[in-house]
Amino acid sequence: MDQFIEAIASLAARAGIDKDQARAAVAAPKERDRADLSLPCFRWAKALGKAPNQIAEDVAAAFEPDGLLASVEAVGPFVNVKLDRGAFTKFALDAIDENYGKSEEGVGATVVIDYGSPNIAKPLLFHHLRSAVIGQALCNVHRWAGYKVVGINFLGDLGTAFGKLMVGIEKWGEPTTVAEYNRIYVNASNFCKENEGAMDAARAWAKRLEEGDETALRHWTNARKLSLAEFDTVYEWLGIKHDVVDGEKQYLDAGHAVVVELLNEGTAKESDGGIVIELSKKLKAFLIRKNDGASLYQTRDLAAARDRMERYDFAKMLYVVDIAQEFYFNQLFAALAKMGHAWADRCKHVKFGQVLVDGSRAKTREGGGTTLESVLQEGVRRARAIIEEKNPEIEGKEAIAKSVGTAAVIYCDLGFPTTKNIDFKWDEILRFDGRTGPYLQYVHASACGILRKGGGVTKFDASLLAGEHEWNLVRRLAEFPDSVQRACRDCEPSHVSNFLYDLAREFRSYHTAGSRDASLRVIVDDDALKAARLGLVDGVRQTLKIGLTLLGIDPLERM
RNA sequence: GACCCCGUAGCUCAGCCGGAUAGAGCGGUUGAUUCCUAAUCAACAGGUCGCAGGUUCGAGUCCUGCCGGGGUCGCCA
């Protein structure tokens, strides 16, 4: 693509336009019939002292056939360019291999991504999916862009809740599943509410845990180990793999040390018995020690951020967390800046929308909410039913059902901008047709099917791909690398999923055109043409496969 | 009260650095199965891009104000 834009910029330069500006201004028009690429000439009118229409004329007049551009025409103030389709197609398809879309953009830089981050001793609920799936996709696209990525699962393994939990464990015994932990916590929580003595005991347990009491530590270790094992089965199901598992508890001492340090240097001060960092009128004060002397989540987060900087020297650190915590992260980053860390501006809160039930925030405390596992199981159940209906003879049904059901769920999170809320309705979340994960899998499987039937890819002559449908597909294929870069730049995986959907739809349209007009089929009698079309199908297959993998969706070859 | 997100077709949403005639899916209507698998495709119907100003040659896109929905605002995480 670059060399074609460069060719247009050169023409513009000969008409007196700054080449860099011209390069940046070249764009594909929305109406794709109009031109392949176009250059609007308004902005140089003043500098050149000429009407935009005249500038466009001048640019068009500079054109000489060069093997890259087929025609250059002034249409009003726009220069409309048609590319040499043969040349472009050859470049575009040659670029596609198993590394298509990779770039060197991030080489030498490390990006730390904090995602998943559930609380232990509680089951993973549907809304936990968002951080995990979005975070994993961001890890994948950043790796594809050349970054070194450190994906961290930062467990909520500390806090006042654990005091209550231990009251429950002492009363009702040691649980053996996360569900039991949760039930005991809920019961203990109610018990403490009605019973001031129990509340005191909970506080005492929390303190004992912080101080390293042996019994408290044993309970804590059990809960953590068991939780992690259960989380891992769900993570594995979803293709989520963290590089590092950290927890808040490990930053307890470092957190206290930070508070002391900030007090000594005067960055923090006493307020109502606690310790705060005064930020600004907008961001207010940031509490880092409670009036009972205990640290808070934010204290540990400050210590963790600092530790990660020391460990990884990151160029970017992303926190993939619910939008409800936006204010908190603004405070956290401002606090880091106030502590003198110039790297505070490398931290970014990747915020995602909430899971709503009937338009309002889902109540997840007190044991409510739908577990992630039950959503995945329901997805698989529905996928299984569809397979029985559509393709009952296929081998490996169970694995395919699992993969398709999961794809439907994952697409809910990655098919739309992260900040959108999700309204929890089973029929919305588990859709299998239209703009969905299973549709993308279907199109990929269909491309694989054509290649199987057609005998695979051989050397081919790209210039034979001269049809209108083919041209649309080729142009679309060439946009993939850009979608990956934009996903990285904006921390927005839906740039990739949108691209994949457009490509998939274009491809289905291309393929089904053959049902109406036999000359448009992929598998035709003319061997050279067939080879070229199979080459194109393989480009689509390859691109879909890479894109789906970046999103964490399994690219099935049959379904 | 302050701040943040959202407002585009009946519903759910795309729309990239501002560019020419606003696009999908679902739902509705009508067709299509002698290349892969109809989990599909083609076509039709459906729009005051919340409202009002502003910047600009040009605004769904940027700025200001307002309206509506959701969210957040030191002793939870």
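Note that this is a predicted model, so its numbers are computed, not measured. Chain letters run A, B, ... following the sequence lines, proteins first, then strands; residues in each count from 1.
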[atom1] atom, [N] versus [M]: distance in rounded Å?
N	M	atom1	value
U61(B)	U29(B)	P	36 Å
C13(B)	C51(B)	C1'	22 Å
U8(B)	U48(B)	C1'	12 Å
G23(B)	G27(B)	P	23 Å
U12(B)	C57(B)	C1'	37 Å
C67(B)	G53(B)	C1'	15 Å
G65(B)	C3(B)	P	9 Å
G70(B)	G74(B)	C1'	24 Å

When you look at NZ of Lys545(A), are more than 12 heavy atoms from neighbouring residues, nucleotides or ligands closer to it than 6.0 Å? no
Relative to each other, are the rings of Tyr328(A) and Phe286(A) parallel, tilted or perpendicular (30° and 60° limits)? tilted
Is [X] touching bases, backbone alone, or none of the nucleic acid, heavy atoms closer than 4.0 Å?
X	result
Glu248(A)	sugar-phosphate
Asp490(A)	nothing
Ala285(A)	base
Phe327(A)	sugar-phosphate
Ser483(A)	nothing

Choosing from [options], which nucleotide comes nearest the side chain of [X]?
X	options	value
Pro417(A)	A77(B), A20(B), A14(B)	A14(B)
Lys453(A)	G60(B), C75(B), C36(B)	C36(B)
Asn421(A)	G15(B), G70(B), U37(B)	G70(B)
Arg558(A)	U37(B), G25(B), A39(B)	U37(B)
Lys290(A)	A77(B), C76(B), G60(B)	C76(B)
Gln354(A)	U40(B), A77(B), G70(B)	G70(B)

Side-chain-base donor-acceptor pair under 3.5 Å for [X] and [N]:
X	N	result
Arg508(A)	C36(B)	yes
Ser446(A)	C36(B)	yes
Arg452(A)	C36(B)	no
Ser38(A)	A20(B)	yes
Asn80(A)	A20(B)	yes

If you compare every side-chain N and O of [X] against the phosphate oxygens of [N] (OP1, OP2), does one of them come in below 4.0 Å?
X	N	result
Lys390(A)	A39(B)	yes
Arg300(A)	A77(B)	yes
Lys420(A)	G71(B)	no
Ser509(A)	A42(B)	yes
Arg505(A)	G23(B)	no
Tyr439(A)	C41(B)	yes
Lys282(A)	C3(B)	no

Charged N-O contact under 4.0 Å between [X] and [Y]:
X	Y	value
Arg476(A)	Glu479(A)	yes
Glu506(A)	Arg32(A)	yes
Glu470(A)	Arg533(A)	yes

Test log, rule side-chain contact (heavy atoms from CB on, under 4.5 Å), inputs Trp44(A) and Gln21(A): CA-CA 10 Å; Trp44(A) 300 289; Gln21(A) 286 182 12; 2.5 Å; yes
Under 3.5 Å, side chain of Asp157(A) to main-chain N/O of Lys249(A), donor-acceptor pair present?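 Here the side-chain-to-backbone pair exists.
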Take Arg431(A) and Met559(A), find for each the nucleotide of RNA chain B with the closest heavy atom, and name the residue whose nucleotide sits nearer the 5' end.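 Going by which nucleotide is closer to the 5' end, it is Arg431(A).
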5'-most contact on RNA chain B (nearest-nucleotide basis), Gly273(A) vs Asn330(A), goes to Asn330(A)
Partner of [N] by Watson-Crick or G-U wobble geometry, both contacts under 3.5 Å, or none?
N	answer
U40(B)	A32(B)
G19(B)	C57(B)
A2(B)	U72(B)
G27(B)	none
C49(B)	none

By a 5.5 angstrom centroid cut-off and a 30 degree plane limit, is there stacking between Phe42(A) and G58(B)? no
Which way is the base of C67(B) turned, syn or anti, if we draw the line at 90° from 0?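 Classified anti.
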Would Tyr501(A) and Tyr439(A) count as a close aromatic pair, with their ring centres under 6.0 Å?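 Ring centres of Tyr439(A) and Tyr501(A) closer than 6.0 Å.
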